[in-house]
There are 2 protein chains.
Amino acid sequence: MKTSTKNKVIIVDDHLLFSQSLKFLINSFNDFEVTHSFENGKEFIQFLEQKENLDIEVDLILLDVNMPILDGLGTMMWLKENRPDYKAIALSVNNEEDIIIKMIKNGAKGYLLKDTTPTIFYDALKTVIEKGYFFTEMVSGILVNRIDNKDKKLEFKEKELDFIKRACSEKTYKEIADEMCLSPKTIDGYRENIFAKLEIKTRIGLVLYAIKNKIVCV
Amino acid sequence: MKTSTKNKVIIVDDHLLFSQSLKFLINSFNDFEVTHSFENGKEFIQFLEQKENLDIEVDLILLDVNMPILDGLGTMMWLKENRPDYKAIALSVNNEEDIIIKMIKNGAKGYLLKDTTPTIFYDALKTVIEKGYFFTEMVSGILVNRIDNKDKKLEFKEKELDFIKRACSEKTYKEIADEMCLSPKTIDGYRENIFAKLEIKTRIGLVLYAIKNKIVCV
DNA sequence: TGTTGCAAGGGGAAAATTCCCCTTTTTTAT
DNA sequence: ATAAAAAAGGGGAATTTTCCCCTTGCAACA
C-alpha cells in the first residue's frame, strides 16, 4: 500500500457544510488532500492523542477560530505545547486584531478570512508548506502596527476585568462591591481608573466598550 | 447544445471560500449543478435584471443571510416582489428567531444553519425542489412557538426606538432631549414606559437589551 | 357629545453615579 | 533597607438617574 505524495490536510471546523465542502475544494488541488476533519478542537485533540495516531502524517491543519467545546485559540495553545512542529492556518470570518495576534503568538502560520478566494487560499496552503508561513497584507499590517505601539492595547487587571463584567448588568456599584467583598469606595476607585484609561465618562460607555471588545458577550 | 436536466442552483454568499467550496459539494450531487454565484444581494439582483438573463433557468437559490452591501433579508424582499416564483433557501450561522421569521415571511422555502451535514443539505435541496419547502425541526419549533404567543415580540414606536438608540451612548437624558427637541420630562416618560415594558430598572439594562435585540449594533 | 387614551410636559425626592482630593497598608523594585 | 508604586478605602459634593403622581391638549370613537 503506497501512501500518496500529496500534502495531508486536517480540517477542524464546526460548520459541517463548510468543512465538507472545503474538502472538495482542497481535494481538487493536485498536491493536497484532506485526510481527516473534526467538528471542534476537543475531537481533534482526542484523535491526536490516540496511540495509533501518534506518528500520523499531518502536513497542514486548517483551524476554525470560533468553535464550541474547544475553540481555535484553545486548540492552538494545545498544539504549541504538544505538537509544536505541526503547521496550522487559522480560518475565521472576523478580523479582530486581538484574536489574530493571539493565534499567531501561539504558532499559527497564517490567518485567513473565509471570504478569501480559492486562488489565494491555494497560494496560502502552498506557501505555508514551502516557506512555513503566509500572511495577508491585512495580517502583516496588524503585526507591524503592534510593533510600533505595543502599549496600544489596554490591559486590565483581573479585579478590574471582574468589575467590568459585573458593571455590565443592572447591579448597583454597592451590590457589585458586596459581591466582590470590597468597599464601595474601592469599587469607585476601580471605576475612576478604568474611566480614565478608556477616556469615558459614564457606565454606559463602559458597557459599550466591554461589549465591543468582547470582555462580556451579549 | 443540449442543456442538462440537472437542477440549476445559484449561490449568493460573500464568503468566497465557502461558496466556491460549496459549489464543489453541490456539483458532486448528480441532480444539481451550480450555474452562478455572487458575493452579495446587489450583484445577484443586477445579474437578474440584465435583459439577457430574464428567462434564465433558476431552480434554487442559496442565500446567505449576513452579507455586505445587500443582505439576505433585503435580497429576499426583492425576490418576493420581483421573482415570487423563485425558490430560495436561507443559509446562516446564527439561529436568531427574528431573522428566521422574517426570511420565511418573505418567501424563503427553508432556513439552514451552516453546521448542517452534507446529507441533510442534499435532502433539503431535493425536498425544496419536490415539495416546495424544507424546514428543520428547529425552524418548525420557532414557527409553532410564534403562533401561540404572537404578542411575545415587544413593539416600540418610532420615537421610542429613536430614544433607545440615543440612550446607548454617553449622552445624558438632557442632551438626548435637546437632540430630539423634546422636554427632558417627556424623555423621562419614554424611559419609564420602556423600563416597564422590558421589566428593567436601569439604563444599563436598556443598553444590554438594545444590543441583544439588535436595535443598535456594537 | 362625552369619554377614553395617549403623547407631552411638570414637581419633587430618593437613590445612584460621577468627580476630586485624601489616608493607610501592602508590594515591588532598587 | 528604603523609596516608589499599587491596592484599598474614605469624605464630600455636584450630577444624573430613577420613581411616583399630576396636568394639559389632542385625537379617536361609540
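Convention: sequence-line order gives letters A, B, ...; per-chain numbering from 1.
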Can you name the atoms? Protein N/O to nucleotides 22-26 of chain C N/O, anything below 3.5 Å, with the distance.
none

Next item on the list: May I have all residue pairs that pass side-chain hydrogen bond (donor to acceptor under 3.5 Å, both in side chains) and include part of residues 100-110 of chain A, sequence neighbours excluded?
Entry: none
Next item on the list: Starting from the first five and the last five pairs of the helix from C/dT1-D/dA30 to C/dT30-D/dA1, work out the angle between the resulting helix axes, to 10 degrees.
Entry: 40°
Check: Does B/Lys157 put a side-chain nitrogen or oxygen below 4.0 Å from OP1 or OP2 of C/dA7?
Finding: yes
Note to self: With a 4.0 Å cutoff (strictly under), does any side-chain N or O of B/Tyr190 reach OP1 or OP2 of C/dG9?
What the structure shows: no
Next item on the list: Would you check if B/Asp64 and B/Phe18 make a side-chain contact, meaning some heavy-atom pair closer than 4.5 Å?
Entry: no
Sequence neighbours excluded, which residues qualify as salt bridge (Lys or Arg N to Asp or Glu O under 4.0 Å) partners of [X]?
X: B/Asp188; result: B/Arg191
X: A/Lys214; result: A/Glu96
X: B/Glu170; result: none

Non-neighbouring partners of [X] that pass side chain to side chain donor-acceptor pair (under 3.5 Å), sequence neighbours left out:
X: A/Gln46; result: none
X: B/Gln20; result: B/Ser37
X: A/Glu175; result: none

Next item on the list: Tell me, please, which residues at least two apart from B/Asn193 pass side chain to side chain contact (heavy atoms under 4.5 Å, CB included).
Entry: B/Glu160
Item checked: Set of residues satisfying side chain to side chain contact (heavy atoms under 4.5 Å, CB included) with respect to B/Leu206, sequence neighbours excluded -> B/Phe163, B/Ile164, B/Ala167, B/Ile194, B/Phe195, B/Leu198, B/Ile200
Interatomic distance where [atom1] belongs to [X] and [atom2] belongs to [N] [whole Å]:
X: B/Phe163; N: C/dG9; atom1: CZ; atom2: P; answer: 14 Å
X: B/Glu158; N: C/dC6; atom1: CD; atom2: C1'; answer: 17 Å
X: A/Ile187; N: C/dC19; atom1: CD1; atom2: P; answer: 17 Å

Notebook entry, point to check: Nucleotide by nucleotide, 5' to 3', does protein get under 4.0 Å of the base (B), only the sugar-phosphate (S), or neither (-) in nucleotides 10-19 of chain D, counting heavy atoms?
Noted result: BBB---SSBB
